[in-house]
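Sequence positions, counted from 1, serve as the residue numbers for this chain.
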Amino acid sequence: MDKLVIEGGKPLSGTIRIHGAKNAALPIMAAAILADGIVQLDNVPKLLDIEVMLNILRRLGCRASHDGHTVTIDNTSVHSSHVPEDLMRQMRSSIFLMGPLLARYKEVHIYQPGGCAIGERKIDLHLRGLQALGAALVHEGNRITCKAEQLIGTEVHLDFPSVGATENIMMAAVLAEGTTVLTNAAREPEIVDLQRFLNAMGANIIGAGTDTITIEGVRELKGCRYEIIPDRIVAGTLMIAAAATRGAVTLTNAHAGHLTALIHILRRAGVQIATSDGIINVTCFGRPKAVERIVTSPYPAFPTDLQSQLMVLLSLADGVSVMKETIFEGRFKHVDELGRMGADIRVDLSSAFVRGVPRMYGTTVEATDLRAGAALVIAGLASQGHTIIEQVHHIDRGYDHIENMFRKLGAKIERYTPVPKLDFANG
Ligand code: EPZ
């Protein structure tokens, strides 16, 4: 298992280009199955989750490749709609395949994705939406078979604006007979990207980015070439790291409009942010100020995917901040590790009370999940001394060689891949 070794205390400086968005690319790669033809996707980052999705598509019979940052998917020889259990377990986002496989091949077999480090990760809203469109579900243990001779457009209301459920229902409805109106839909930029991609293949969808999305069923979709939007969570992670190290960083290929909530919070903390077309400049002179109350909520509010990273900045701020996590019940696993680096954080149910300390100290810590791992990298960069981060594969799921990103900004950070011990004694 790889490790990252960081020598902290050095302000970040320089310019970095933001890579494509994992959470836009994954549903769009699944949606490629809907097209009769070849789909090419540009600006797709080299991430573990992307590789897992490519492997699932290949197991279904697609020809799928990732050359440079372009993914090519040819599904003219798809021979299965059975999502392999071992790959479902590797990545819960494989649930995105339900809608497209059901819409195109009339049936899909998946496995309950199960929880992960950050929470239970239920899929009831996905299943209820597909049933509303006419799908019949059969549960056999943890396997779910979903069938529908023809999906029929209808009104679907989500009890909670679930990102994945919104995307799955959009992808199922796009080949349904008639119109589907999805209310209380999630409004994330990745959903707008999915709508743009589906419409580029010949779909007829309006409303993504608002809480009501209308999908006119069409008979077929054609392949296309499409460019994935930049990753707002990677951009936000780098902005917070620039502030936590009291540096000066410029992000390019970055949509400030996707990060409004974070920008307002960082400005309240005394960080200077300047934005122009595709550019975000972050500068932090001196110690940041505490932000009295932050609540994670669905877009366009402050995103849960930046909660652990921001907690590092608040841990070094002047004063007490309160962070409330409302999306995932298990998303405070970074708190103990930050405490071992000198942070002063007390968790009470879904709120974290963060009393800023003047400095934190490097030590050996363990990444428990993707964004908690990113938070530990920021903590290592902002701390005095050396930090070793273990279980780095969690971070590689969502950041394309995070050490290279930060090295480009002047950080002293190296990746170590342990050499497997060969036991010659036992032959
Ligand atoms: C997407 O996950 C993202 N993943 C997550 O990013 C992100 O944190 C999340 O949206 C919220 O923004 C991808 O896009 C691949 P949800 P998703 O459905 O779709 C509950 C990262 O770090 N819920 O909006 O799984 C669920 O338990 C990842 O990049 C149900 O109860 O999120 C959770 O508490 C982590 N029933 C809440 O809704 C359902 O059927 C939000 O889940 C579905 C969800």
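- No donor-acceptor distance shorter than 3.5 angstrom exists from the side chain of Asn204 to the backbone of Glu216, with no hydrogens or angles considered.
- In this structure, Glu403 does not pair ionically with Lys3, as no charged nitrogen and carboxylate oxygen lie closer than 4.0 Å.
- Aromatic rings of Phe406 and His401 (six-membered ring for Trp) have centroids beyond the 6.0 Å cut-off, not under it.
- Taking the six-membered ring where tryptophan is involved, the planes of His258 and Tyr299 are perpendicular, since the angle between them exceeds 60° and thus also 30°.
- With a 6.0 Å cutoff to the six-membered ring centre and a 45° limit on the axis angle, Arg346 counts as a cation-pi contact of Phe353.
- The main-chain N or O of Val83 is never found under 3.5 Å from a side-chain atom of Arg59 such that the two would form a donor-acceptor pair.
- Taking 4.0 Å as the cut-off between side-chain N and carboxylate O, Arg331 and Glu329 do not count as a salt-bridged pair.
- Contact check on Asp159 versus Arg128 returns a salt bridge, with a Lys/Arg side-chain nitrogen under 4.0 Å from an Asp/Glu carboxylate oxygen.
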message: Applying side-chain hydrogen bond (donor to acceptor under 3.5 Å, both in side chains) to Thr304 and Glu325, what does each step give before you reach the verdict?
response: CA-CA 7 Å; Thr304 176; Glu325 170 60 57; 3.0 Å; yes
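- A donor-acceptor contact shorter than 3.5 Å is absent between the side chain of Ser80 and the backbone of Leu60.
- Each side chain to side chain donor-acceptor pair (under 3.5 Å) pair with one or both residues in residues 19-40, not counting sequence neighbours, appears once here: Gln40-Thr72, Gln40-Arg225.
- Judged purely by distance below 3.5 Å, without hydrogens or angles, the side chains of Tyr361 and Arg340 never pair a donor atom with an acceptor atom.
- Interatomic distance, Ile294 CD1 to Leu310 CG, rounded to the nearest 0.5 Å: 4.5 Å.
- With sequence neighbours left out, Ala382 forms a side-chain contact (heavy atoms from CB on, under 4.5 Å) with Ala244, Thr245, Leu316.
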